[in-house]
Amino acid sequence: MTIDCRSNQLLKMSWQTGLIKTILDPANLIISTDIAVVIADKYPKARHHYLVLPKEDIGSIFQLNRTHLPLLEELHLLARNIIEVRGECFESFQIGFHAQPSMQRLHLHVISKDFVSDWLKTKKHWNSFNTSLFIPYEALYENLSKDDQIQRLPKARVEELLSKPLACNQCEFVAKNIPSLKEHLLQH
DNA sequence: GTTCTAGAAC
DNA sequence: GTTCTAGAAC
């Protein structure tokens, strides 16, 4: 391994630990319990976008086993709490995990289905929330109950899902590019 | 995860 | 010529 390779890895580590650093500052915590916290996503991909994270140092969904099922229930409880606190309705939100997370520390996404946001900029953003790259809470809970672990998606499957057409999440419309998708979402 | 930007797509 | 996407970031 070259020196350059190592400095790349260090650079990568610095952004991957962003969430862990964020929750160290109490000012960032919208809700905090003994075992989990709720923060606002720094780059929200919809009008409402929150993250629920355990205080326990769990890297990602791939570190989970059956013993974590009660923890997941607590994360889900806080997800419902933040929606209620914000005066929104549960039906207008999707709650779940990315099948291929980028940031360290397990985090549950709580995001409104409008996807109206200046931070929504790429096909990857869209498809990570609107294809099987998004694992709804209930689905992950059931998979973990059954298998005692969460399986990583094959690289080819991830690439296939990332390259899917930009299909609207609320109707049959398929956008030709990101700007037209964003314009369309505003109409809903 | 974002930023930046070369060059593809239009 | 401008818009848009996709890959490198040392």
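In what follows, every chain begins at residue 1, and chains take the letters A, B, ... in the order their sequences are listed. These numbers come from a predicted model, not from an experiment.
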* Which is it for A/His49 and A/Phe129 under the ring-ring contact (aromatic ring centres under 6.0 Å, His included) test, yes or no, and what are the steps along the way? -> CA-CA 12 Å; A/His49 189 182; A/Phe129 283 105; 5.5 Å; yes

* Asked: Any side-chain heavy atom of A/Leu144 within less than 4.5 Å of one from A/Leu69?
  -> yes

* Hey, are the side chains of A/Gln100 and A/Ser128 touching, using non-hydrogen atoms and a 4.5 Å cut-off? -> no

* Structure fact -> Within residues 178-188 of chain A, the residues having a heavy atom closer than 4.0 Å to DNA chain C are A/Ile178, A/Pro179

* Between A/Leu166 and A/Leu185, is there a shared hydrophobic cluster once you connect ILVMFWY residues whose side-chain heavy atoms come closer than 4.5 Å? -> yes

* **For A/Met103, the rest of its hydrophobic cluster, which grows through side-chain links under 4.5 angstrom** => A/Trp15, A/Leu19, A/Ile23, A/Leu29, A/Val37, A/Ile39, A/Leu51, A/Leu53

* Which distance, rounded to the nearest 0.5 Å, do you find between the NZ of A/Lys123 and the CG of A/Leu162? -> 9.0 Å

* From OG (A/Ser180) to CZ (A/Phe173), nearest 0.5 Å -> 5.0 Å

* Could you verify whether a donor N or O on one side chain and an acceptor N or O on the other, from A/Ser145 and A/Glu142, lie under 3.5 Å apart? => no

* Could you pull out all residues at least two apart from A/His107 that satisfy ring pair (Phe, Tyr, Trp, His ring centres under 6.0 Å)? => A/His109

* Under 4.0 Å: is that the gap between some side-chain N or O of A/His107 and OP1 or OP2 of B/dG1? -> no

* Asked: Restricting to pairs with a member in residues 52-86 of chain A, which pass ring-ring contact (aromatic ring centres under 6.0 Å, His included), not counting sequence neighbours?
  -> A/His76-A/Tyr137

* Using a 3.5 Å cut-off on both pairing distances, which stems of three or more Watson-Crick or G-U pairs include DNA chain C? -> B:2-10 with C:1-9

* For every nucleotide of nucleotides 2-10 of chain B, 5' to 3': is a protein heavy atom under 4.0 Å from its base (B), only from its sugar-phosphate (S), or from neither (-)? -> SS-------

